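What follows is one structure encoded as structure tokens, with my remarks underneath.
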Amino acid sequence: MLIAKAIDDGFLAGQPFAGFAWLAAMAGLWIVSAFGTRQVYPWLILSVEPLRDSMVRAVITASLHRAMRGERDVTGSSVSQITEQVEAVRVLLSTMLRNMRQVVAAGLAALAGLAVLSTTLAAIVSGFVVLAMTLFVVVLRSLFLRYRVVVLRSEQVGNVAAPIVSGIRDVATQAAEPRAAADVADAIEEQAEALRGFARTRVLRLLVVTLGVHLPLISLLALAPWLLSSQILTTGALAGGVIYIAGGLQSAVMFLVNAGSTLLVSLGVVLDRLAEVCADEPSTTPARSSASPLDGYNMRLQRVTFGYSQHARPVVHDLSIDVPEGTHLAVVGPSGAGKSTLANLLAGLTEPQHGQILLDGGELGRIDEQQLRREIALIPQDAYVFAGTVRENLTYLRPDATAEALDDAVAAVGAGETLARLGGYEATIPAGGEGLSPAERQLIALARVHLCPARIVILDEATCHLDPAAEALAEHGFARRPGTMIVIAHRISSAERADRILLFSGTTPEVGTHDELLARSELYAELVGYWHDEHQARHTDEVEPEASPHP
Ligand SMILES: Nc1ncnc2c1ncn2[C@@H]1O[C@H](COP(=O)(O)OP(=O)(O)OP(=O)(O)O)[C@@H](O)[C@H]1O
């Protein structure tokens, strides 16, 4: 409008100073607009950054809850991909907020300016814009669906590739690279197909631009001789109209269409995906009671049944067993029998579907969560070592441990050499325990739990990376520690060291000493026979057989 004024009332009217004055007014408005834009940044930081932090927190919390429930699709790679998507949301949102206001304002100003120049012109152009926006909404919906498939397929690529990367040695020793590569290639091809589908649909955005910008502009130019001759528009108004359409309106429509088909669609899909991931099933567990000290640590399983879904065959079926305080119990059974599942149930990480697990006469599920974690410690096969000093790692569960208690715990599990190699208690362990062997990680985790106040310790193949002598040393260290020890046995020697053995095959559990079970259980004799055969076979390597054979 200011340009039209500059031309009509200024330069064409022979008043160049008035023309320049209108142009100066326009420059003034730009300066005001630049100042407004500057004010937007602090506001952006204040709104977008906390949003990102809360989304990352929500994703990690929901993933941890799902992992604790034993859901299999929660892998490190899937969680990291989803947190990357949060990062994408942050970038997308700030880009949208930064540009949206400016461009939408420019578009609306263009339409308002056109209306001031000529209502007929504004009505025609608005008609085209409305048609273009209607088409755009339809295109957006289809883009959203296609991009959702792209995101799911890329998560799938990560899920397929991650186990291959972590098991790369196994892949290499079996010369299975072509097979592993084919698995990833299939996932990548599916992702590529999804991307092609998305790209095909994105082409439709050109139609929207043509309808919203090019057609009004062409119409205006084609009708220009008639509009001027019939004095519907002046020359200045025509120039202003062209500038409004080719400038403000075009940039607004192009931004909406381009940003919408990328930023808006990504934002919608990513938020939708985050909502799915963060949708945590409401807990069916009754509220845990407040912490009250336990008098004793006798455990009792009463007709416990658990399966990974309501319809799947239960992994633990109608299991009843007493584990009195101070017991050293070994759990043995064929691979896949459900020993780790049982360990999770005993640690209160998983709730039984039927039956009860009692600790000190009260239901495990009703004990305050924090208290439960203090009373029962479980060390899984894959020990977790976090970034920090060795001391911080060891005293994590007992920050007030004395120097003497710390030394005792390290000596008890045989972690002295590892401690020396790492450079003592103040040595730093990098994130993810990089540079530590699996056995060293296990020793750190064992010493940490040995030091902690828990009265019930569950070792779920927690010594599987140690050699038999180191394993025996660690288990003896735990046996001397007051309290109950439950060992999911990795080697037959672990079972032989226990007071009692639970032979666990899901449906027909039996309890006894090594000799008792050997005498009365065919399955146990078979397992022991298998372990001994294995032992003979590996004798030359001086490696003991493992206690989870595939029968
Ligand atoms: N998160 C899960 N979702 C579904 N099924 C599972 C899950 N975890 C384990 N299972 C299944 O439950 C059964 C018991 O598994 P579990 O790991 O408890 O056995 P295990 O005796 O510890 O085996 P292993 O000795 O090989 O470690 C197996 O059939 C396994 O496939």
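Scope of the values below: all heavy atoms of this structure, side chains included, with no hydrogens, waters or symmetry mates. Atoms within a ligand are numbered from 1 in the order they appear, just like the ligands themselves. Computed from a predicted model, the values in this text were never measured in an experiment.
Scored by the salt bridge (Lys or Arg N to Asp or Glu O under 4.0 Å) test, Glu426 finds Arg391 as partners (sequence neighbours excluded).
Atoms of ligand 1 found under 4.0 Å from any heavy atom of Gly338 (numbered from 1 in listed order, with element): 14 (C), 16 (P), 18 (O), 19 (O), 20 (P), 21 (O). Listed by number with element, the atoms of ligand 1 under 4.0 angstrom from any heavy atom of Thr341 are 14 (C), 15 (O), 16 (P), 18 (O).
The salt bridge (Lys or Arg N to Asp or Glu O under 4.0 Å) contacts involving residues 429-448 comprise Arg421-Glu440, where partners must be two or more places apart or lie in separate chains.
Of the candidates Cys464, Ala337, Gly336, Gly336 brings a heavy atom nearest to atom 23 (O) of ligand 1.
The distance between the ring centers of Tyr524 and His514 falls below 6.0 angstrom.
Ionic pairing of Arg520 and Glu510 is present here: one or more N-O contacts between side-chain nitrogen and carboxylate oxygen are shorter than 4.0 angstrom.
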